[in-house]
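Here's the structure we're looking at; comments come further down.
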Amino acid sequence: MHELSIAVAVVEQVEEAVREQGRAVVSLTLRIGELAGVVPEALEFSFELAAEGTALAGARLLIETVDARGRCEGCGREAATGMPPVLWCAGCGAPLTLLGGRELEIVRVTLADGPADANGPVNGSRNEKGVKGPDGRGPDGRGPDDGPRSAPPGLPVRDEEASHVPHR
């Protein structure tokens, strides 16, 4: 069950990224391709074990599944490869180049608003990326057209959507 080693690697990377902020992780979103060889249920179970005693204890694991897709080298047609993958074109029979489906990436980390508690995540309000109020503004009062957001002074700047766990 390699899902345990994947969960441990994800927890270590996220913990390292959020360590200086001193806040608990509320949720973690992973993007996993259908050809990555990962069983989501096994990863969820392993994540709970790996997260115990860390800033991710009690965090919700969200998994986005990516369908496998390929492009025909002969006619340029793009299509889903299915599972198990069919790696030749249904139209002309030429081989397909795989475009996606092997992803294994950390997409988003949502932190609690308050400091981390040694017993797990902080209860209360959450600073979840993408959550909007009735006026269309996010939890920080900014709207979609207000430009990029900056980290508060003194906090390390991290692009939460650029973190990746390489698939091996």
Side-chain angles (χ1 to χ4, degrees), residues 1-71 78-87 96-133 138-140 144 148-149 151 155-168:
M1 180 165 92
H2 70 282
E3 285 82 0
L4 182 56
S5 63
I6 292 169
V8 168
V10 167
V11 167
E12 287 174 352
Q13 286 190 9
V14 171
E15 229 188 357
E16 181 180 331
V18 302
R19 183 175 292 129
E20 292 178 21
Q21 296 193 24
R23 299 186 320 183
V25 175
V26 174
S27 70
L28 170 66
T29 304
L30 301 179
R31 181 176 297 131
I32 302 174
E34 70 177 335
L35 301 178
V38 175
V39 178
E41 295 81 13
L43 183 59
E44 289 169 356
F45 176 77
S46 298
F47 176 76
E48 286 184 33
L49 294 175
E52 284 183 20
T54 71
L56 287 88
R60 202 167 97 193
L61 177 63
L62 305 169
I63 297 175
E64 297 176 358
T65 304
V66 179
D67 293 334
R69 298 197 54 79
R71 178 182 305 119
E78 288 188 20
T81 65
M83 187 63 182
V86 175
L87 298 176
L96 296 180
T97 299
L98 197 58
L99 300 175
R102 294 186 49 165
E103 296 82 356
L104 181 50
E105 305 168 335
I106 297 170
V107 177
R108 185 173 300 107
V109 175
T110 305
L111 302 176
D113 285 337
D117 180 356
N119 297 320
V122 174
N123 293 325
S125 63
R126 296 176 179 172
N127 183 13
E128 190 151 353
K129 191 172 187 176
V131 174
K132 304 216 182 321
D140 60 0
R149 291 171 170 78
L155 290 180
V157 177
R158 303 216 186 258
D159 183 353
E160 294 172 350
E161 297 206 22
S163 300
H164 300 283
V165 177
H167 177 65
R168 294 179 188 160

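Note that these values count all heavy atoms, side chains included, but never hydrogens, waters or copies made by symmetry.
- Taking the side-chain contact (heavy atoms from CB on, under 4.5 Å) definition, one finds that Val86 meets it with Trp88, sequence neighbours left out.
- Within the 3.5 Å criterion, the main-chain N or O of Arg31 finds no donor-acceptor partner in the side chain of Glu105.
- Between Val25 and Leu111, the closest side-chain pair of non-hydrogen atoms falls below 4.5 Å.
- Take Glu44 and apply the salt bridge (charged side-chain N to carboxylate O under 4.0 Å, His left out) test, not counting sequence neighbours, and it matches no residue.
- Annotation: side-chain contact (heavy atoms from CB on, under 4.5 Å) contacts of Pro85 (sequence neighbours excluded): Leu35, Thr81, Met83, Leu87.
- Taken from CD1 in Ile6 to CZ in Phe47, the straight-line distance is 13.5 Å, to the nearest 0.5 Å.
- Remark: side-chain polar atoms of Glu3 are paired, donor with acceptor, to backbone N or O of Val39 under 3.5 angstrom.
- The side-chain hydrogen bond (donor to acceptor under 3.5 Å, both in side chains) check on Thr65 picks up nothing, with sequence neighbours excluded.
- Nearest heavy-atom pair, Glu34 versus Ala68, reported as atom, atom and distance to 0.1 Å: OE2-N, 2.8 Å.
- At least one donor-acceptor pair closer than 3.5 Å links the side chain of Glu103 to the backbone N or O of Gly101.
- The nearest pair of heavy atoms linking Ile63 to Leu43 is CD1-CD2, 4.3 Å.
- Residues satisfying the side-chain hydrogen bond (donor to acceptor under 3.5 Å, both in side chains) test with Arg71, not counting sequence neighbours, are Glu78.
- Closest non-hydrogen pair, Gln13 versus Ile106, comes out as OE1-CD1, 3.8 Å.
- Residues Leu98 and Leu96 have side chains not in contact (no heavy-atom distance under 4.5 Å, counting atoms from C-beta outward).
- By the side-chain contact (heavy atoms from CB on, under 4.5 Å) test, Glu15 is found to be paired with Thr54, Ala55, Leu56, residues two or more places apart in sequence or in another chain being considered.
- In this structure, Glu64 CD and Ile32 CD1 are separated by 10.0 Å, a value rounded to the nearest 0.5 Å.
- Shortest non-hydrogen contact noted between Gly37 and His2 is O-CE1, 2.8 Å.
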